[in-house]
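What follows is a short report on a single structure.
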Amino acid sequence: MFCYNCGCRLSEHDFCTACGADVSLYKRIIAVSNRFYNEGLEKAGVRDLTGAINSLRQSLKFNKNNIEARNLLGLVYFEMGEVVAALSEWVISKNLRPEKNIADDYIDMLQSNAGRLDSINQTIKKYNQALGYCLQDSKDLAVIQLKKVLSLNPKFIRAHQLLALLYMDSEDWERAKRELRKCMEIDRNNTLTLRYMKEVERMLAPDEAVKQPSRRKKEEAVRYQSDNEIIIQPLNVKEQKSGGASTLLNLGIGLVIGLAAMYFLVVPAAVSNARNEAQASMAEIGNQLDAKTSRVQELETQVGKLQTEIDGLNQELEGYVGTEGTLQTIESLLKAANAYLETKDVYQTAESLEAIAATVNVEETSEAFSNLYHSLKKSIGPQLSADYYQEGYEAYRTEDYATAIEKLTKAFEYDETNMEALYQLGHSYRKSDEKAKAIETYQKVVDLFPETERARKAQGYIDDLQ
């Protein structure tokens, strides 16, 4: 451990033996940061990735220069499929420790493999498209896109969770459970995954079977004993009586009546039933034909909508892969970061950043892209601001106010703490007879740097101009 004031190695004492600075609180802060790092390392070892991220973030809050914690945080993000967030952490780590940093290997692993980098870009695009489909209530298309995302990046937890949620919405509980199990194989204690799994298991719990009481069979015979024999006599059985000619006559009459009833009653009813069944069949066939016609029209409408969506996707794809597309912009930013890490050329880096800002609104990009952009700009800002201020001040002294305004504006843009650049910019506007801009610039000096001598003089100039 080294002194924060002079950089000398610290001893067991609560003060620096070289400069005498009190380092007791500093030692406690570093110890807390290391404790959170060890806790995050243990959680990552048992695949509690969510807990590991929380612990590592706490470690970096106490000590942002904890390189081991930052590199491990990048690895955890990478394991969860968050490649852009992982790359951001490794780039910041590289800026903090340019030499002997394993983050170099991680960055080279991604940048040297063009196919893998393209796969990452495709994953981000398809996941965002799936979110768009969900917002448009096109859930089937969202499922298709998410399956493509997971084929490219099987460890992308957010894609697994969204796909499980879509399965839950369609009440396909078994598939939702399979997706959630895949999430738990990657990150065992993800709160959102556990909440979804609890709901799925509740819906899959079997209901208790309801048993119906059996009914007793009725006795169909009577048993009694006569001497040493058991006699079984069936119930409701009548003994047949002998008949004669009257019996045959009755049978004949019954047969004739039966045939007559069949001819006058059964046959017309059968014909009528056959006619009704034929009419019902024809009506059903007509309904099926109408349904199929309606289905054909519906499919034609869907084809038209899908063609429109395909055209829109082709335009969107052009926005991603064109000369000024999103992928090209990300590639430009990564090249600018790599060039700065290798050459430390602030002017070349500034040109690259200005070119990126001219093609895309940085504030509307992803959080990881914006953080990397602003981190690079912050790294080169102080030196560029000082150089632009010197050039602008020389132009102001030679009464070249147009050049002075341009240079001083850039000086303040790259370092918003440069009070002198903003103050001299107000003078340049005033000398150029741009009264409104001069008042606005002086007012910024008063607002951003209150209770300073420059603020007091700027207020005086405002009063004079007004």
Side-chain angles (χ1 to χ4, degrees), residues 28-93 96 101-103 105-107 109-110 116 120 123-124 127 130-131 146 149-168 173-205 366-368 371:
R28 288 199 294 270
I29 292 174
I30 297 300
V32 171
S33 176
N34 291 336
R35 180 171 64 83
F36 277 116
Y37 164 70
N38 292 330
E39 183 180 292
L41 184 61
E42 291 177 359
K43 291 180 178 180
V46 296
R47 301 204 71 83
D48 181 8
L49 302 187
T50 300
I53 288 176
N54 294 332
S55 298
L56 293 172
R57 283 179 174 173
Q58 289 294 329
S59 175
L60 294 176
K61 283 183 180 179
F62 283 97
N63 180 16
K64 68 177 182 180
N65 295 320
N66 193 334
I67 301 300
E68 288 74 15
R70 195 173 293 279
N71 288 340
L72 180 58
L73 180 59
L75 286 174
V76 174
Y77 278 136
F78 188 83
E79 183 65 15
M80 295 177 68
E82 304 287 347
V83 182
V84 177
L87 186 60
S88 300
E89 296 296 334
W90 292 334
V91 170
I92 295 173
S93 173
L96 294 175
N101 193 337
I102 197 172
D105 298 334
Y106 300 150
I107 296 173
M109 175 187 67
L110 293 177
R116 189 168 192 174
I120 292 169
T123 300
I124 297 171
Y127 178 75
L131 287 177
L146 289 172
V149 169
L150 293 174
S151 67
L152 296 173
N153 188 356
K155 294 185 177 181
F156 196 4
I157 284 185
R158 285 193 293 167
H160 281 296
Q161 290 173 338
L162 182 56
L163 182 56
L165 188 61
L166 289 173
Y167 284 145
M168 291 168 65
W173 306 107
E174 290 294 340
R175 289 187 178 180
K177 189 173 183 178
R178 286 199 296 270
E179 292 300 324
L180 294 174
R181 283 179 176 173
K182 292 178 183 178
C183 291
M184 296 180 72
E185 290 175 0
I186 301 170
D187 183 7
R188 294 183 178 178
N189 288 330
N190 187 284
T191 304
L192 190 60
T193 300
L194 294 175
R195 191 173 70 183
Y196 289 169
M197 181 63 78
K198 181 179 180 181
E199 180 66 18
V200 170
E201 290 178 346
R202 184 180 70 84
M203 297 304 296
L204 289 176
S366 65
E367 180 180 358
N371 289 341

Report task. List the steps and the verdict of side-chain contact (heavy atoms from CB on, under 4.5 Å) for Y106 and I102. Result -> CA-CA 7 Å; Y106 300 150; I102 197 172; 3.5 Å; yes
Requested in this report: Apply side-chain contact (heavy atoms from CB on, under 4.5 Å) to M184 and L194, showing your working.
Outcome: CA-CA 8 Å; M184 296 180 72; L194 294 175; 3.8 Å; yes
Query - Working for side chain to side chain donor-acceptor pair (under 3.5 Å), residues N101 and N71 - result: CA-CA 9 Å; N101 193 337; N71 288 340; 3.1 Å; yes
Query raised in the report: Should L131 and L162 be marked as a side-chain contact (heavy atoms from CB on, under 4.5 Å) after you check the CA-CA gap, both sets of side-chain angles, and the distance that decides it?
Result: CA-CA 9 Å; L131 287 177; L162 182 56; 3.6 Å; yes
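The CD1 atom of I30 lies 8.0 Å from the CG atom of N65; values are rounded to the nearest 0.5 Å. Atom CG in D187 sits 7.0 Å away from atom CG in N189 (nearest 0.5 Å). Rounding to the nearest 0.5 angstrom, the gap separating the CG atom in L110 from the CD1 atom in I120 is 5.0 Å. To the nearest 0.5 angstrom, R158 atom CZ is 12.0 Å from C183 atom SG. Atom OG of S93 is separated from atom CD1 of I67 by 4.0 Å, given to the nearest 0.5 angstrom.
Put simply, the side chain of R70 reaches to within 4.5 Å of the side chain of K64, judged on heavy atoms. N54 places none of its side-chain heavy atoms less than 4.5 Å from the side chain of K43. With a 4.5 Å cut-off on side-chain heavy atoms, L56 and F36 do not count as touching. Contact annotation: the side chain of Y77 approaches that of I53 to within less than 4.5 Å [non-hydrogen atoms, C-beta and beyond]. A heavy-atom distance below 4.5 Å is found between the side chains of F156 and E82. Under the 4.5 Å side-chain criterion, counting only non-hydrogen atoms from C-beta, N190 is in contact with Q161. Proximity of L192 to Y196: side-chain heavy atoms (C-beta onward) are separated by under 4.5 Å at one or more points. Between N153 and K155 there is a side-chain heavy-atom pair separated by less than 4.5 Å.
Residues Y127 and V149 share a closest heavy-atom pair of N-CG2, 3.5 Å. Residues R47 and E185 come closest through the heavy atom pair NE-O, 2.9 Å. The two residues L49 and I186 come nearest to each other via the heavy atoms CD1-O, 3.3 Å. The two residues L60 and L73 make their nearest non-hydrogen contact at CD1-CD2, 3.8 Å. Closest non-hydrogen pair, V200 versus W173, comes out as CG1-O, 3.6 Å. Shortest non-hydrogen contact noted between A103 and W90 is CB-O, 3.7 Å.
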Kindly list each side-chain donor-acceptor pair under 3.5 angstrom involving residues 174-182, sequence neighbours excluded, with atom names and distances?
from	atom 1	to	atom 2	distance (Å)
R175	NE	D172	OD2	3.4
E179	OE1	H160	ND1	2.8

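Remark: E199 engages R202 in a salt bridge (Lys or Arg N to Asp or Glu O under 4.0 Å) (not counting sequence neighbours). The side-chain hydrogen bond (donor to acceptor under 3.5 Å, both in side chains) test applied to S33 returns S59, N66, not counting sequence neighbours.
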